[in-house]
Enquirer: 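To start, I am sharing the structure in question, which I have written as structure tokens.
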Amino acid sequence: MQRKISSPFRKGALTLLAVAIAFAIAQAARAQDLKSFEQRTTTKVLPNGLTLIICERPEAPVFSYSTFVDAGDVNDPSGESGLAHMFEHLAFKGTSEIGTTDYAAEKIALAKVEAANDAYEAEFLKTVGRDPQKLAELKQKFKDAQDEAHRFVIPNQFTDVAERNGAEGLNAETGLDDTMFFWSMPENRLELWAWLESSRLADTVPREFYKERDVVIEERRMRTDSNPEGRLFEQFVATAYVAHNYGRSGIGWPSEVSQINATEAMEFHKKYYVGSNIVVAVVGDVKASEAMPVLEKYFSRVPAGPKPEEMTTVEPKQFAEKTVAIGEATQPIYLEGYHRPSYRDPDDAVYDAISDIMSNGRVSRLYRSLVRDQQIAAESGGFSPYPGDKYPSLFVFFGVPLPGHTPAEMRDAIHKEIEKLKTADVSDAELQMYKTRTRADLLRGLADNQGLANDLAEYQTRYGDWRELFLQLERVDKVTKADIRRVANQVFVTSNRTEAWIETEAPATTAGKDGGAQ
Amino acid sequence: MKSLAMKQMEKNPRSQKCDPSTSSGQALGHPNYFAIFLVMTVCAAGFTSTSLPAQQNKPWEKIPIPRLHEFKPHQPTRIELKNGIVLFLQEDHELPFVTGSVLIPGGSREEDPAKAGFISLYGQAWRTSGTAKLDGDALDDLLEAKAAHIETSGDEDSTSMEWDSLTGDADQVFSLALELLLHPKFRAEKLELAQQHDATVIVRRNDDEEEIAGRESAKLVYGVSSPYTRQPELATIGAVTVDDLEAWHDRTIGGKLIVGVCGDFDPVAMEAKLRAAFEGLPPVKAAPARHDLFAGPKPGAYFIDKEDVNQSNVEIVGLGTDRHNPDVPALAVMNEILGGGFASRLFQKVRTELGLAYAVGGGMSFAYDHPAEFRVGVLTKSASTVDATRAALAEINGLTTRPFTQVEVDRAKDNILNSFLFRYDTREKVLNERELLEFYGYPADYLESYKAALEKVTLADVTAVAKKYIHSEKLAVLVVGNGPEIKPSLEELKLGPVQPIDITIPRPGTPPGEQGPAEKRP
């Protein structure tokens, strides 16, 4: 139940796998080309709008699946940051059939929990005339109501059944753009899995919601509040964006995530967990002819519903450079980001080429300049898109200074390398290296059931056709030196930049960071 | 969150198909100074169903579970050369790649304590220096143009070289790897780069509380001057010279090498090529036996103050065991009950029931040739540090005081056995396992006999090993957190006076702190 958002350095799988397969067509006509995948891959759209993909890969008697929901924390309503992630946690709590001794009675008890929470919250949020005694009473009633509902709970039964049946790598990730649920299992548990997975999508019960909310707040403390990098990245994106939800804390601002209630989570579910917004991909030792009817039977239970409307907010053009300097007791780090378009932009592959040439390995320009030759950094690189890929995002560069060197030195040295991109073409060798490495690195990923399931589901969602994995590869091949120069000149300009760094300060007197500004 | 360093590792993937590693230790050849310690998705179980009315309807139990498709893991071919070098060949033609590795006995536990951190420098500088014919930078250019890799690294008990390439480049890349293996030319400027890199690691080692907690709790278990936990300092890495790198290489390359290749090759041609490369080397020299002492921690409560956090990292640690121990199967079942999954006692109690942690879990670890650690970790907000620690300690104690139930034992065995398949569901995993067993001198069918032993574990066995190995009075409790925010204070744990640990990083010119044997050097 990790948050994808908290791994800012994770490269979106989106562009990379595509590249791999494209080259596979050209160079390695084995198990990896489009034709072979078309023979082994079956797709079906159910009447409720849900898309099923089965890819046969019978290397060992196991399968992996990925449920890809086209909703993430970017979709959290205003004042409810962290809601999509909170719901993801709820999806492990069972259904009306699993995790309960008596759902009819539990349902009534859960309604009382909501009412008690509403009453408590109403008093808690009063800015004028809050009565401490009444608040304490309401808090006690809220706790009593939870205890009452808890009487019907069989804790963690959903995951228990999965694990007892051999589930491996059971987890989920909520990003800003999407939510993924996944695990692997022995192939003879396919039907059991289909029952479990479709049940939790269709029949989520807001069980133990408020304790799970505490767990999520601990997750925030671990990833953000108590981690200097986490704090830096949260401030960095919050500064870079003025309008779009990409600038908002994905795991949730403390004051908001601590107030999310189960009713809000279930409303999110009702709107976004509809068939038309979900793709389920299965890869491994399964026969589509036998498995598809089974999957169809179970996943038809997911409610139909209109595809949720797209967001209207578009981040306005940045017109002045912005900076964030954070004083910390820890060692310095430097970051800078430039707004770039979404993955749908025709130049998407050009951005990948730039990050590869600038930062992939010991041959990269930033390594050779900052690490090897100038000897001012332990590491330096660039990556995009961040913090998401569905909407216009950022291209980020970073530098980790050696002892005695400063963020300002990182900035100046990175700017010099960017300037070279803008004023001179990259070499033929560099461009070719990008294309060759991208192909090979991603071909390697094709022998992994879980990785493949994730990618098939993601491409099906993002392009409406998993074949785009192969088809969009042409774009990678077409990247030219002139493209790189053009894009660098368009995007890497001062007025489009946000700089953020950690400066080492002596430890200050402690102020509680728990609640943020209160 | 993934660190800068980890991103760098992703950007520079090494052999993904076949990636033999000697242990779960970090790959020191790669930048890894923000190593993440606790698994985020830890799971443990608690369980309370005795007071619940029986569940009437369990629809999942009516779903048929057919027989699993027939499956025999594909074993690699093992060839032992006359000089003692062992070759493993594992064909896998699904993708057009060939990967290889050489595992070399001898690692950081054998390094000079006055030069702690040597093996990391060696692992980096070996590859970045290159050979007399082709320096490391030229090697980078040549390989990266082919999307191929050759990397070297150092670990606790071994060093290794790994390579990978597309099938078409496999012969050339193998020749380059062999040249680097047998004829490296260590260069001062590359050693210096590695020293700068590792100096950065050292000065940043107190930035992240999880890293502090993992490192310092291991030192409590093994001791600050133990070969397993002694800590590199600016002075010790600064003491390493090119001569040291050469001397280490010359000594260890004569050990029992284990060579593994995996992927898209012709087995006859590959065997001939490997024989030609390795058969002419002198007979291998056996590594001297080690005689380490493992006393375990001094029990009590320890504290490290970190002002810039709002969450405590709690580590409850003691001595674990090694895989030669016949109690390991029963201990594995006990681990699963304590901290192995969503249904485990720790997870159910501390996370699900109390809502005190996102990350909680742990158990007794097993190393191949020395005792690993017993470790239970909890991350909880400052104010609930004592509550969460008590809750975790209660679950540890409960292993001997709260009788196991047949339901718990069955569940734990199901969890382990039904996912056992994932230990060998790829040819790469099978190869890696065989190399490990060879390295540590275990029989080739170890996994099969381990599985058979797991199947036989009974409730009585689990009860017996818990009584034998769980002694909470021998455990150390380390808390890394924000002192002023921790209320009630750690004294409330009633584990005696709380002992502060000083983690100040010694700067050159100041005498190293608690260096133990390192101090024998002027």
Side-chain angles (χ1 to χ4, degrees), chain A residues 2 6-7 9-10 28 31 60-62 97 101 154-156 159-161 163-166 168 171 186-188 191-192 195 211 214-215 218-219 221-223 225-230 285 329-331 360-363 378-379 398 400 402-403 433 436-437 440-441 443-444 447 507 510 513-514, chain B residues 1-2 4-5 7-8 11-13 16 31 40-41 49 52-53 55 59-60 63 65-66 68-69 71 94-96 140-141 144-145 147 166 196-197 199-200 203-204 207 209 307-311 341-343 348 351-352 355 357-359 379-381 411 414-415 418-419 421-422 425 482 484:
Chain A
Q2 306 169 354
S6 56
S7 303
F9 297 103
R10 169 187 178 272
V62 294
E97 293 181 302
T101 55
I154 303 178
N156 295 321
T159 41
D160 184 27
V161 171
E163 288 183 333
R164 284 192 79 156
N165 282 281
E168 177 82 0
N171 216 327
E187 53 79 22
N188 58 347
E191 183 173 355
L192 176 72
W195 180 84
K211 254 184 258 167
D214 291 341
V215 169
E218 286 295 352
E219 188 177 353
R221 291 188 186 101
M222 176 180 86
R223 298 187 188 283
D225 300 326
S226 295
N227 183 317
E229 284 179 41
D285 189 12
T330 55
Q331 294 295 308
N360 191 348
R362 288 183 299 261
V363 292
E379 279 182 39
F398 69 92
V400 180
L402 288 182
M433 193 183 290
T436 306
R437 296 199 292 198
D441 285 354
L443 259 184
R444 290 176 169 106
T510 300
K513 298 196 179 188
D514 207 18
Chain B
M1 116 187 249
K2 251 180 221 171
L4 301 168
K7 168 68 181 178
Q8 197 67 13
K11 296 241 88 177
N12 201 357
Q16 297 181 354
M40 310 288 192
T41 54
S49 57
L52 294 168
Q55 205 166 6
W60 61 92
I63 295 172
I65 296 176
L68 195 69
H69 294 166
F71 177 62
E94 187 182 8
L95 293 175
D140 289 337
D141 288 330
E144 292 287 354
L166 287 158
Q196 287 173 351
H197 179 274
T200 309
V203 302
R204 289 171 187 266
D207 284 3
E209 65 170 333
E307 290 192 338
D308 62 343
V309 301
N310 62 7
Q311 189 179 53
F342 281 79
Q348 288 275 40
R351 175 162 160 167
T352 307
Y358 170 74
L379 275 62
T380 191
K381 63 183 177 293
R411 170 193 288 135
D414 280 352
N415 285 0
N418 285 328
S419 61
L421 190 50
F422 291 99
D425 63 324
N482 189 331

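Since the structure is predicted, the reported quantities are computational estimates derived from the model, not experimental observations. Below, read A as the first sequence line, B as the second, and so on, with proteins coming before strands; counting in each chain starts at 1.
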Enquirer: Does B/Ile65 offer a backbone N or O that forms a donor-acceptor pair with the side chain of A/Glu191 under 3.5 Å?
Expert: no

Enquirer: For the side chain of A/Glu187 and the backbone of B/His69, is there at least one donor-acceptor N/O pair under 3.5 Å apart?
Expert: yes

Enquirer: Which distance, rounded to the nearest 0.5 Å, do you find between the CZ of B/Arg351 and the CG of A/Asp214?
Expert: 11.5 Å

Enquirer: For the backbone of A/Met433 and the side chain of B/Glu144, can you confirm whether one donor and one acceptor N or O come within less than 3.5 Å of each other?
Expert: no

Enquirer: Testing the 3.5 Å rule here: is there a donor-acceptor pair between the side chains of B/Gln311 and A/Asp225?
Expert: no

Enquirer: Closest approach of B/Tyr358 and A/Val215, non-hydrogen atoms and distance?
Expert: CB-O, 3.6 Å

Enquirer: Return the CH2 to CG distance between B/Trp60 and A/Asn165, rounded to the nearest 0.5 Å.
Expert: 11.0 Å

Enquirer: Quick one: CZ on A/Arg362 to CG on B/Asp141, what's the gap to the nearest 0.5 Å?
Expert: 11.0 Å

Enquirer: Chain B: which of A/Pro61, A/Pro186, A/Pro228, A/Ala60 shares the most heavy-atom pairs with it under 4.5 Å?
Expert: A/Pro61

Enquirer: If you look at every heavy atom in B/Phe422 and A/Gly166, which pair is closest and at what distance?
Expert: CE1-O, 3.5 Å

Enquirer: So, for A/Ala440 and B/Ala147, which heavy atoms are closest and what is the spacing to 0.1 Å?
Expert: CB-CB, 3.4 Å

Enquirer: How long is the gap from NE2 on B/His197 to CD on A/Glu379, to the nearest 0.5 Å?
Expert: 5.5 Å

Enquirer: Taking the side chain as everything from C-beta on, heavy atoms only, tell me whether A/Val400 gets closer than 4.5 Å to B/Arg204.
Expert: yes

Enquirer: Check whether B/Asp207 reaches the backbone of A/Gln331 with its side chain - one donor and one acceptor, N or O, closer than 3.5 Å.
Expert: yes

Enquirer: Can you tell me how far the CE atom of A/Met222 sits from the CG atom of B/Asn310, to the nearest 0.5 Å?
Expert: 12.5 Å

Enquirer: Between the side chain of B/Thr200 and the main-chain N/O of A/Leu402, is any donor-acceptor distance below 3.5 Å?
Expert: no

Enquirer: Can any side-chain N or O of B/Asp140 pair as donor or acceptor with the backbone N or O of A/Val363 at less than 3.5 Å?
Expert: no

Enquirer: If you apply the rule side chain to side chain contact (heavy atoms under 4.5 Å, CB included), what do you find for A/Glu218 with B/Leu379, and how did you get there?
Expert: CA-CA 8 Å; A/Glu218 286 295 352; B/Leu379 275 62; 5.7 Å; no

